[in-house]
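Structure first, then comments.
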Protein chains: 2
Amino acid sequence: MLAKSSTELVRQQNSALVLSALRRYGRMAHTEISDATGLASATISAITAELERARIIEKSEQQAATGRGRPRVLFSQRRGCGYLITVIISSDSIQYSLVDYAGTLLDRFTEPRGEGSTATFIASISAALERAVSRSRIDPGSVLLVSVSSKGLAHPSEPVLIWSPVFGSQPVDFTKALHEGWSARVILNNETLLVASALIEREARKPAGGEPVLAALSLGHSIGLGIGRRGSAGTPEILAPNFGHMLHIPNGGLCRCGAKGCVEAYAGFYAILRTAFEVPMDTIPAKFVPLAEIDKIATRARQGNRMAQLAFRQAGVALGNGLSRLLSLHGHMPVFITGPGTRHQDLLQSGIEEGLAQTQVVRLGGMPELTIVPDEPSLVFEGHLNLAFSIVDQDIILSRPHLQAAGE
Amino acid sequence: MLAKSSTELVRQQNSALVLSALRRYGRMAHTEISDATGLASATISAITAELERARIIEKSEQQAATGRGRPRVLFSQRRGCGYLITVIISSDSIQYSLVDYAGTLLDRFTEPRGEGSTATFIASISAALERAVSRSRIDPGSVLLVSVSSKGLAHPSEPVLIWSPVFGSQPVDFTKALHEGWSARVILNNETLLVASALIEREARKPAGGEPVLAALSLGHSIGLGIGRRGSAGTPEILAPNFGHMLHIPNGGLCRCGAKGCVEAYAGFYAILRTAFEVPMDTIPAKFVPLAEIDKIATRARQGNRMAQLAFRQAGVALGNGLSRLLSLHGHMPVFITGPGTRHQDLLQSGIEEGLAQTQVVRLGGMPELTIVPDEPSLVFEGHLNLAFSIVDQDIILSRPHLQAAGE
DNA sequence: AAGCTTTTTCTCGACAGTCGAGAAATTAGA
DNA sequence: TCTAATTTCTCGACTGTCGAGAAAAAGCTT
C-alpha cells in the first residue's frame, strides 16, 4: 500500500532537504539554500527560523563580505548539537573517530584488536567508546549515533554482525557496546557498503550528474562488494551483497567461511598465497596474511614465476566471473576497485577481463568501466559520515514533531 | 539530492492512494476508503469530489443495502475513462487483451506468431492493435496504455527489446507499433517480471502482511527470473535480472544467446533435450522444443533412464547454483517457481537443493522456501494489470495539474 | 405513520504549509 | 550624503488535511 501524506510531512521532508544541502555544501546563506533546494525564499525563512529555535543550526560568526548589498547570513550546523563516533574495525586494529554535528573531526585513535571471545571484543569497544567521550569531555548522552563498520555480513536492520572473517557465524551484537548513560543509536554496516556510499555521493556532487549506479569492489584478505544507486526519490540506496562468498566454482577450493568454491577462496589474499605456494585447495587457509607476503608473490610474478602469475590470474578470473554475475543480476554498471589488492591490478587485470568477457551482459552492454581508487580508508570514513549524518538528521527532524513558535 | 515537497504533491500522493485502494479492493464506500487509506473522512470527500468532477471515478449504480443507516455510496473507476491493451508475446503466439479502466476484460484473441523480420513482426502487432479497438468500437485515442510482455531482456526505460530468444540482439522497438491517432504510451516488461509483480501483490493482500520480497523463477524453453520487493515508500519495486544468461559454468555448453555456459544452456528445455540425447554441448540448440518432447524425456527419466535423469539433475543443479548466487547478491528470499517446467519438479527438486546447499548464504540463512505456482498465464496477466494500472493512474493524476472546482 | 436509532455523507472552521511580491535592512560606491 | 545593489524578512493568498458536528437517509419501534 502507498503511504499517506500530509502537510506536516511536507515540512519534514523540506527540513530534511535543507539539512542535507547544508551537509553537502556546508555553511550556506539564505539565498544559496533557496537556490540549492528549489524552495521559495519565504519557505527557507520559515524552516531556518524553526531549526534555529530548536538549536540545530546557527548563524555562523564569520560572514563573507560579498561586495555591496545587505550582507549574507551564513547558516551552519550547531557543533554542540550532538556527536558521532565512527568505529572502523579491520582485521588487526580498530579505529575510533569522534566527530561533532558540523562534521569536524575532534579526536581519533587506533587500538590493536585483541584476541578473545566476542564478549571481550565488545567490552574492549565499550571501554574505547567511554575513553573517546571522556578524553574530549563530552556528555555521553549527547552522542547521537555510533556508526560501526566491519568486513563480513551485517544484519539488515539490527547492528549485529551475522558473519565475520574473525568470529565466523558467531553473532556479534553491537548494541551491547553501550553503557548506561548512552542514549545513542548504534548502526553497523559492511565496510564496502560505506565505500559505495562515499562513491555515489562523490558522483552526485559532479556537476554533470554522474553515474547514478555503481559497484565498489574491495580487494584484500577478503573480498567486499557494495552497490550504490541514486533512487528516484533522491535517497541513495546502498547495499552490500555477499559477493565474496558467492559460489564461484562448485565443490571448489575451501573457503574461510567453511563452504567450498567461494569467490574469496580464489581471489582473497590467502587464496593467492595458497595457489602461489601450491598448497592443496582444501587446506584451511591462513587466518591472516601480511600484505608484504602478497607483495613478494607479486614481485615474483612480475619476474616471471609461473605459479605466482597463475595465482593472480586465477584471482582475476574469479573476480571477473563474479562481476559478470553481478552485472547479470543487478544490471550493467561501472565498477570501482579499491583496497590493498589494487597495487597488483596489473597482474589481475587480464584475468578480470577474461572472466567478464564471456557473458551475455558484457557481450551486449560492453565491458564495464573499471576504475581504480586506491585510498580505501578515506572512502570508508567518508561513507561513515554520509550515512551517519543522514540518519542523525532524519532522527532529529522526526524527534521534534512540533518545533513550535515558542517565543523568546 | 532529495526532492522538495509541496502541498500540491500531498494531494497528488493522496489521490494516488485513493485510486490504488480502489484498484485493490474495487468499489468502495466513502468510509471504507477512509479506513483503508487512513485519511480523514473530510479528505476523502474532497478527493472523491475532485476525481468525480474529472470523470475518473463515478458513483456506482447498485449500492449494497447494508441494513439501517444512510445508504453508502460506492465509488468505482469510470469504465469509459480509458482502455488498456495487454500484449503477451510467447514463442509461438501472441495474445491480445482489451481491458477497460475498471479492469474488466472486454475482448481477447490470440494470433499465431508469424515468421519474418522485426519489421513484419511489429507490423503484425500494429494490425492486431487496430483490430482490437475497431472490433470493440473504441476510439484509438482513448487507449491509454499498451502493455507488452515478452521473454528476454527489455530496455530499462524505453519499450525496446534488447535481446530476445527469437530475434537475438536485434532490437525490437515497440513504439513503432502504434499508428497515428493513438496517443497511448507503450511499456514493455519481461514476462517473469510481471509474474513477480503479481506475486508481490498477492502477498501484499494477505492479512498478515506477507513476504515483502520474493523471487519468481519461470521454467520453460528459456529461464526467466523476476524479483519483487515492497519498498519502504509503499511502491513495489520489481526487476527482471538476466538470470537465464548468467554464467553458470565458464566455457560450458553453448547457449542460444551465443555465449557459453549460461544457466539456460543447462536448465532450458533445449538443454535438457540436448543432454538427454547426448548431443554435444557445443551444438547450436533447437529453436523450439515442443512440450510433449520434454514430457517424453521426463517419462523416460521416471522409468529409470540414466541420461534422461542426468539431464534433469543437471538442469536442477544449474538452477540451484544460480539461485544460490541470486541469494548471495540479492539477499535471502523465498522463491516461487512457475512455468511449464514445474510439471517435472519431482525430477528437478533434488538437483536444485544440491545446487543451493553448498553456499554460505544457504548455510547461514537456511534453504529458501520453494513454492510451486503452476498457472503462469494468469500470473502474467495479473502482473500486466497491476503494473499497467499503477502507471495509468499515476499518469492520470499527473496530467491533471488542477482539477479545479469548475462548477456545473 | 410518526418518531427514534443508526449509519453514512457532507460541510465548516481551524490549522499547517508553500509561494510570490514587496518591504525592510544593510553595505559599497558615486 | 545619497543611490544602487543585494539579501533577508514579512504579509497575504492559496492549497491542503483534519476533527467535529450537521445533514441525509434508511430501518426499526411503538
Side-chain angles (χ1 to χ4, degrees), chain A residues 2-18 27-53 57-60 63-75 397 400-407, chain B residues 2-18 27-53 57-60 62-75 397 400-406:
Chain A
L2 296 171
K4 80 169 183 178
S5 191
S6 65
T7 47
E8 284 85 354
L9 280 179
V10 169
R11 171 53 66 89
Q12 277 183 15
Q13 169 115 17
N14 287 339
S15 297
L17 180 59
V18 167
R27 203 186 285 292
M28 296 173 88
H30 191 109
T31 41
E32 291 173 326
I33 300 178
S34 173
D35 286 350
T37 59
L39 293 167
S41 164
T43 308
I44 302 298
S45 281
I47 291 176
T48 52
E50 195 177 76
L51 292 175
E52 210 183 346
R53 265 200 309 279
I57 65 173
E58 61 188 1
K59 288 178 177 144
S60 88
Q63 40 228 40
T66 52
R68 69 165 72 183
R70 180 171 171 169
R72 25 179 58 182
V73 179
L74 299 179
F75 289 99
I397 287 172
R400 219 166 298 266
H402 265 227
L403 311 160
Q404 273 304 35
Chain B
L2 296 171
K4 79 168 185 179
S5 190
S6 65
T7 47
E8 283 85 355
L9 280 179
V10 169
R11 170 56 63 91
Q12 277 183 13
Q13 168 112 20
N14 287 340
S15 297
L17 180 59
V18 168
R27 206 187 284 291
M28 295 171 90
H30 192 109
T31 40
E32 291 172 326
I33 300 178
S34 173
D35 286 351
T37 58
L39 293 167
S41 165
T43 308
I44 302 299
S45 282
I47 290 176
T48 52
E50 196 178 76
L51 292 175
E52 210 182 345
R53 264 200 310 277
I57 64 173
E58 62 188 1
K59 290 180 176 140
S60 86
Q62 49 154 53
Q63 40 226 43
T66 51
R68 68 164 74 182
R70 178 169 172 171
R72 25 178 57 182
V73 178
L74 298 180
F75 289 100
I397 287 172
R400 218 165 300 263
H402 267 226
L403 311 159
Q404 273 303 34

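Please read all numbers here as calculations on a predicted model, not as lab measurements. Note on naming: letters A, B, ... go to the chains in the order of the sequence lines (proteins, then strands), and numbering restarts at 1 for each one.
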A:Ala3 versus B:Gln13, closest heavy-atom pair with distance: O-NE2, 2.9 Å

Any B:Ser6 side-chain N or O less than 4.0 Å from OP1/OP2 of D:dG16: no

Can you figure out which of D:dA24, D:dT7, C:dT26 approaches the side chain of A:Pro71 most closely? C:dT26

Is there a side-chain contact between B:Ile47 and B:Arg11 in this structure, where contact means two heavy atoms from C-beta onward sitting under 4.5 Å apart? yes

Classify B:Ala49 by what it touches in the nucleic acid, base, sugar-phosphate, or nothing, heavy-atom distance under 4.0 Å. nothing

Side chain proximity check, B:Asn14 to B:Thr37, heavy atoms < 4.5 angstrom: no

Expected list for residues 39-48 of chain B near DNA chain D, using heavy atoms below 4.0 Å, is B:Leu39, B:Ala40, B:Ala42, B:Thr43

When the distance from NZ of A:Lys4 to C1' of C:dA16 is rounded to whole Å, what number comes out? 14 Å

Expressed as a whole number of angstroms, how long is the span from B:Leu74:CG to C:dT9:C1'? 13 Å

Of the nucleotides D:dC18, D:dT8, D:dA25, which has the atom closest to the A:Arg72 side chain? D:dT8

If I take atom CZ in residue B:Arg70 and atom P in nucleotide D:dA24, what distance separates them, rounded to the nearest angstrom? 8 Å

Starting from C1' on D:dG16, measure out to CD on B:Gln13 and report it in whole angstrom. 13 Å

In whole Å, what is the span from the CE atom of A:Met28 to the C1' atom of D:dT7? 15 Å

Listed by chain and number, what are the side-chain hydrogen bond (donor to acceptor under 3.5 Å, both in side chains) partners of A:Ser41, not counting sequence neighbours? A:His30

Check whether any side-chain N or O of A:Gln12 sits under 3.5 Å from a backbone N or O of A:Ile397 as a donor-acceptor pair, and report yes or no. no

Can you tell me how far C1' of D:dG16 sits from CG of A:Leu9, to the nearest Å? 12 Å

Taking only N and O in the side chain of B:Lys59, is any of them less than 4.0 Å away from OP1 or OP2 of C:dT8? no

Tell me which nucleotide among D:dT15, C:dT26, D:dA25 gets nearest to the side chain of B:Glu8. D:dT15

Evaluate the side-chain proximity of A:Leu9 to B:Val10: yes if any heavy-atom separation is below 4.5 Å, no if none is. no

Of all heavy-atom pairs between A:Ala40 and A:Ser34, which one has the smallest distance, and what is that distance? C-OG, 4.1 Å

In whole Å, what is the span from the CD atom of B:Glu50 to the P atom of D:dC14? 17 Å

Apply side-chain hydrogen bond (donor to acceptor under 3.5 Å, both in side chains) to B:Ser5 and list each qualifying residue two or more places apart in sequence or on a separate chain. none

Could you tell me whether the side chain of A:Thr43 and the main chain of A:Leu39 form a donor-acceptor pair under 3.5 Å? no

Are the side chains of B:Lys59 and B:Glu52 in touch, meaning some heavy atoms are under 4.5 Å apart? yes

For C:dT18 and A:Arg11 - does any side-chain N or O of the residue sit under 4.0 Å from the phosphate oxygens OP1/OP2? yes

What is the bend of the helix from C:dA1-D:dT30 to C:dA30-D:dT1 when you compare the axis at one end with the axis at the other, using five pairs each and rounding to 10°? 30°

Rounded to the nearest angstrom, tell me the gap between atom CG in A:Leu17 and atom P in C:dG17. 16 Å

Please report the interatomic distance CE(B:Met28) to CD1(B:Ile57), rounded to the nearest 0.5 Å. 11.5 Å

With A:Glu32 via salt bridge (charged side-chain N to carboxylate O under 4.0 Å, His left out) - residues at least two apart: A:Arg72

Identify all pairs in which a protein N or O lies below 3.5 Å from an N or O of nucleotides 28-30 of chain D, and state each distance.
{"unit_1": "D:dC28", "atom_1": "O4'", "unit_2": "B:Arg68", "atom_2": "NH2", "d": "3.0"}

For D:dG16, does OP1 or OP2 lie under 4.0 Å from any side-chain N or O of B:Asn14? no

